[in-house]
Amino acid sequence: MKIVCAAFAFLLAAFPALAQNVKITPIGSHPGEMCANDRAMIFEDPTGVRVLYDAGPTVTGGNDPRLGTVHLVLLTHMHGDHVGDLKLKAVGEGTCANSARVPAPNSTTAEVVAAKNAVLVTTRAMAGFVHNKVDIIHGSGAKPMDFCPTLNVTVPVPAACSSRIDMGGVFTARTQGASQGVEFTIVYSAHDNAVSPALLTKGQQDLLKADGAQLQYGPPVGFVVKFTNGLVVYLSSDTAVFGDMKTVIHDYHKANLAVINLGPNPGLFQSGAYAIDELLKPASVIFTHVNEAATEGGKLKANTQTAALMKQVKAPSYLAISERTMEFDGKGSCVSGC
Ligand SMILES: [Zn+2]
Ligand SMILES: [Zn+2]
């Protein structure tokens, strides 16, 4: 009996700690690899709140079985590789450098929001676009998608709705009965927010083409997400190095895990080490959006830009390997799956 009691006490002591981790699962084109087009990631709070960060082009659509339950969908900006103007033809199809994708005329973001009855967390300007697309998916006669009635929701919500916040705005989501919610703050990203013309109506496409113009949906954004175990995640989206990384993300929000988008356009292959080591100073880093086939057989390829940057970064850094779940404690340390 004594042994049983001791074992039980040990379990009690051990399991709350286990349950206090945030689970992070990238959803990419090729299982076990970090590939060029990979964007989407699922975050699961210990209380059960599940969040999709940028649906992008590596989900097969709103019903991709790898998504599971999704309570909230975050949208950073309107570039096709984030809002999702293409979707994965099939998991593992095509190469890691160039996955096989097909058009998603309503965007994968709207597909997932509609399929999951999820909360869209983004700026009001971008929400307007997704509302329309979700309404198209639902068809005429359905109640139009609107902003959520409150900035503090219990998930799952009864019908898809969006966050009604802009830069600096805070939105909270909690599961039924949870004493604490997951908190989302919209932060700046130093980037661009032009929509892919393929997602616009024909008339709008023609107007833009006549003037060589692009349609912008307000500022592009990143997020700070505060989980209930104390983990504070900075989701950079596509961004150049900029001063808010120190003042807002590090000093004010005290982010302890940075999820950083790489790729050639915003220059973080060059400035990433400075941004991470000197400005953000997180406990850990996850790299995603690498725009190259960074791994082969799950191992980082030595002759990649991603490998070159990882050598320079002081904090422990990890790759967003598709369908591999990493677990982080409240201090930003990876405790499993890294
Ligand atoms: Zn972009
Ligand atoms: Zn991008």
Side-chain angles (χ1 to χ4, degrees), residues 26-30 33-43 51-59 73-88 94 96-99 101 103-104 107-112 120-123 125-127 129-130 133 167 186-200 208 213-223 233-242 244-245 249 258-272 275-276 285-294 304-306 309 319-320 322:
I27 307 288
S29 64
H30 289 68
E33 307 285 5
M34 165 87 255
C35 293
N37 308 121
D38 292 4
R39 302 289 183 268
M41 298 172 84
I42 296 272
F43 291 77
V51 184
L52 172 64
Y53 169 43
D54 274 355
T58 55
V59 297
V73 176
L74 309 186
L75 173 62
T76 59
H77 67 298
M78 299 297 288
H79 284 172
D81 60 319
H82 296 261
V83 73
D85 62 344
L86 299 173
K87 56 185 171 186
L88 203 58
C96 189
N98 185 16
S99 55
R101 286 152 293 160
S107 77
T108 57
T109 300
E111 282 196 32
V112 177
L120 172 72
V121 184
T122 191
T123 63
M126 291 190 272
F129 171 91
V130 179
K133 294 295 193 185
M167 208 68 67
I186 295 184
V187 296
Y188 191 58
S189 87
H191 193 54
D192 166 78
N193 203 13
V195 68
S196 163
L199 293 174
L200 298 173
L208 291 166
Q214 294 184 318
L215 191 61
Q216 298 277 334
Y217 276 81
V221 302
F223 294 92
V233 182
Y234 169 48
L235 303 172
S236 76
S237 181
D238 298 359
T239 185
V241 57
F242 68 123
D244 288 14
M245 286 177 165
I249 312 301
V259 178
I260 301 290
N261 289 18
L262 300 178
N265 176 343
L268 278 214
F269 280 131
Q270 290 77 23
S271 56
I276 294 161
V285 186
I286 296 173
F287 287 120
T288 181
H289 194 292
V290 293
N291 282 12
E292 60 182 356
T304 55
Q305 288 186 284
T306 307
L309 176 61
L319 293 173
S322 184

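Numbering of ligands and ligand atoms starts at 1, following listing order.
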Practice task
With the Zn ion (ligand 1) at the centre, find the angle made by NE2 from His191 and NE2 from His77, to 10°.
Solution key: 100°
Exercise for the section: Report yes if the side chains of Leu309 and Leu262 come closer than 4.5 Å at any heavy-atom pair, otherwise no. Expected result: yes
Problem - Sub-4.5 Å side-chain heavy-atom contact between Val130 and Thr122 - result: no
Completion exercise
Smallest heavy-atom separation, Met41 atom then Ala320 atom, equals CE-CB, 4.1 Å
Completion exercise
Looking at Asp238, the N, O or S atom sitting nearest the Zn ion (ligand 2) is OD2
Problem - N, O or S atom of Asp81 closer to the Zn ion (ligand 1) than 2.8 Å - result: no
Exercise for the section: Tell me, please, if His82 has any N/O/S atom, main chain or side chain, under 2.8 Å from the Zn ion (ligand 1)? Expected result: no
Exercise for the section: Could you verify whether a donor N or O on one side chain and an acceptor N or O on the other, from Asn193 and His77, lie under 3.5 Å apart? Expected result: no
Problem - Ser29 versus Asn37, side-chain donor and acceptor atoms under 3.5 Å - result: no
Problem - Atom name, His79 (N, O or S, nearest to the Zn ion (ligand 1)) - result: ND1
